[in-house]
Amino acid sequence: MSGLNAIAGIGADQRRGGYSRHVFDDAERHLREWFIEQAENRGFAVETDANTNIWAWWGEPGPGAVVTGSHLDSVPGGGAFDGPLGVVSALEAVDILRERGFQPRAPLAVVVFAEEEGGRFGVPCLGSRLMAGTIHPDHARNLRDADGGTLAEAMRSFGADPARIGRDETALARIGTFVELHVEQGKGLIDLDRPLGVADSILGHGRWRFRFSGQGNHAGATLIDDRNDSMLPAAHLVLAARRTAAATPGGRATVGRLVPTPGGTNVIASTVDVHLDARAPRGVRSMVDDLAGQAEQFAAQEGCQVQVVEESFGDTVQFDPALRDRLRGVLDDVPVLPTGAGHDAGVLAAEKPTAMLFVRNPTGISHAPEEHATAEDCEEGSHALARVLADLAG
């Protein structure tokens, strides 16, 4: 827990509770500096790639590397463990191996991926998506944050060159295997009364923006029958998302952000953006297509229009079964769990043998201040990761 304690004051959100750490903001910059200092104190060679992911190398960078790590950014008002636990545990796992006199035969690296949560520019796992080439660089450069600034502008202010982003063949060629430790985002390990587990799959998931357009007007002077209020079809969509997901096997649909314009209390909204997160083992796009059809009906009933834009999508991921089983063998047959949460490991799974190690979350809550893991389980996670790295790099 010492590593987590060292960064506990960075990005604390006094309004929401928890932490708000978004790519290239002050908090995330301080976390990057902290990680680089920690890596250099261990004698690692540190480099930041063109997509602003940070690599810390134990030994010479090269092909067939065993790579571990996670991310340091958060959702708005997120917990202390989602992301940072994987980074801190990776550093501690290396310390454990060095104390034992272990020398890796394969190159070994700890990576911090950029903008995993999509908390600033809306696309999750942006750093790993860019590296793997699953998002076009032009699209990425033009992503905008809540203040209207583009990713390209933010990168330039950070000192990075947005013209260089995109698929990184050099970085991909170096990765032999990737193992990401993460706090569990659910109750699987609670129900099994086990401190650790490994992942076998990630639900298909994506993000969509529904923009309802009506007529802005005066809240007091406009009769009900004269209104084209874009908030009404938006509200109907929020309810429809819950109903549609409940009717889809394993489906989840969430509206976590709703943005009215102009946003005044005494103003009928001219537009409302409804940001939908949808997930399911299969048929995610079919579920969203159903909702899009319903949204058109809701809009028409109020004399409004609706536009639907897909902002990101990732199909269901099956992690490499041989690597998964190898981890289970090293860790005395820990349980295997699916996860509904997206991760950089899921993006890399299409390119490289990839696995995930989960640490129990006794609250079962994530993306919220109540997210937690005990010191004992965190320590067990670091030691388990050290065993895995020794097996893969030995």
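None of the values given here were measured: they were computed from a predicted structure. For this chain, numbers begin at 1 and follow the sequence in order.
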Mind running salt bridge (charged side-chain N to carboxylate O under 4.0 Å, His left out) on E153 and R144 for me, showing each step along the way? CA-CA 9 Å; E153 291 167 344; R144 292 185 180 273; 5.1 Å; no
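- The closest donor-acceptor contact from the side chain of Q215 to the backbone of N228 lies at 3.5 Å or more, if one exists at all.
- No side-chain heavy atom of D200 sits less than 4.5 Å from a side-chain heavy atom of F319.
- No donor-acceptor pair under 3.5 Å is formed between the side chain of D229 and the backbone N or O of I268.
- Ring pair F358/H343 is tilted by interplanar angle, where 30° to 60° counts as tilted.
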Given M287 and T248, is the side-chain contact (heavy atoms from CB on, under 4.5 Å) satisfied, shown in steps? CA-CA 7 Å; M287 184 168 65; T248 302; 3.5 Å; yes
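- T254 contributes no side-chain N or O that, together with a main-chain N or O of G256, makes up a donor-acceptor pair within less than 3.5 Å.
- In this structure, NE2 on H71 lies 10.0 Å from CG on L85, to the nearest 0.5 angstrom.
- Taking a cutoff of 4.0 Å between a charged side-chain nitrogen and a carboxylate oxygen, K352 and E180 do not qualify as a salt bridge.
- A distance of 5.5 Å separates OG1 in T52 from CE in M155, rounded to the nearest 0.5 Å.
- Rounding to the nearest 0.5 Å gives a distance of 5.0 Å between CG of L189 and CG of L337.
- Within a 6.0 Å radius of CD in E169, other residues, nucleotides and ligands contribute more than 12 heavy atoms.
- With a 4.5 Å cut-off on side-chain heavy atoms, V272 and V259 do not count as touching.
- Using a 4.5 Å heavy-atom threshold, the side chains of H22 and E117 count as separate.
- A heavy-atom distance below 4.5 Å is not found between the side chains of C304 and S213.
- The side chain to side chain contact (heavy atoms under 4.5 Å, CB included) with V112 is formed by just one residue from the set D73, L72, I36, N53; it is L72.
- By the neighbour-count criterion of 12 heavy atoms within 6.0 Å, atom CZ of R257 is sparsely surrounded, having that number or fewer from other residues, nucleotides or ligands.
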Evaluate salt bridge (charged side-chain N to carboxylate O under 4.0 Å, His left out) for R387 paired with D332, printing each intermediate quantity in order. CA-CA 11 Å; R387 291 164 62 187; D332 302 322; 3.5 Å; yes
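- Judged by the 6.0 Å distance and 45° axis criteria, R21 is positioned over the aromatic ring of Y19.
- Here R164 does not pair with D49 in a salt bridge; the nearest charged N to carboxylate O distance is not below 4.0 Å.
- More than 12 heavy atoms of other residues, nucleotides or ligands shown are found within 6.0 angstrom of CZ on R98.
- For the pair T363 (side chain) and E370 (backbone), a donor-acceptor distance under 3.5 Å is present.
- The environment of R16 atom CZ is dense: over 12 non-hydrogen atoms of other residues, nucleotides or ligands sit within 6.0 angstrom.
- Contacts classified as side-chain hydrogen bond (donor to acceptor under 3.5 Å, both in side chains) and involving residues 120-137 (residues at least two apart or in different chains) are given here: R120-D145, S128-D344.
- For the pair E302 and R227, the salt-bridge criterion is not met [side-chain N within less than 4.0 Å of a carboxylate O].
- Rounded to the nearest 0.5 angstrom, D82 CG and S366 OG are separated by 4.5 Å.
- Screening residues 313-331 for side-chain hydrogen bond (donor to acceptor under 3.5 Å, both in side chains) gives R326-D391 as the qualifying pairs, with residues at least two apart or on separate chains.
- Judged by distance alone, with hydrogens and angles left aside, the side-chain atoms of T68 form a donor-acceptor pair with the main-chain N or O of V179 at under 3.5 Å.
- Using a 4.0 Å cut-off between a side-chain N of Lys or Arg and a carboxylate O of Asp or Glu, R279 and D277 qualify as a salt bridge.
- Proximity of P107 to R174: side-chain heavy atoms (C-beta onward) are nowhere separated by under 4.5 Å.
- At least one cation-pi condition fails for R29 and F158: the charged atom is not both under 6.0 angstrom from the six-membered ring centre and inside a 45 degree cone around its axis.
- For the pair D95 and R42, the salt-bridge criterion is met [side-chain N within less than 4.0 Å of a carboxylate O].
- Of the possible polar contacts, none joining the N361 side chain to the A373 backbone as a donor-acceptor pair under 3.5 Å is found.
- Judged by distance alone, with hydrogens and angles left aside, the side-chain atoms of N266 form no donor-acceptor pair with the main-chain N or O of A219 at under 3.5 Å.
- To the nearest 0.5 Å, atoms CE (M356) and CG (L327) are separated by 11.5 Å.
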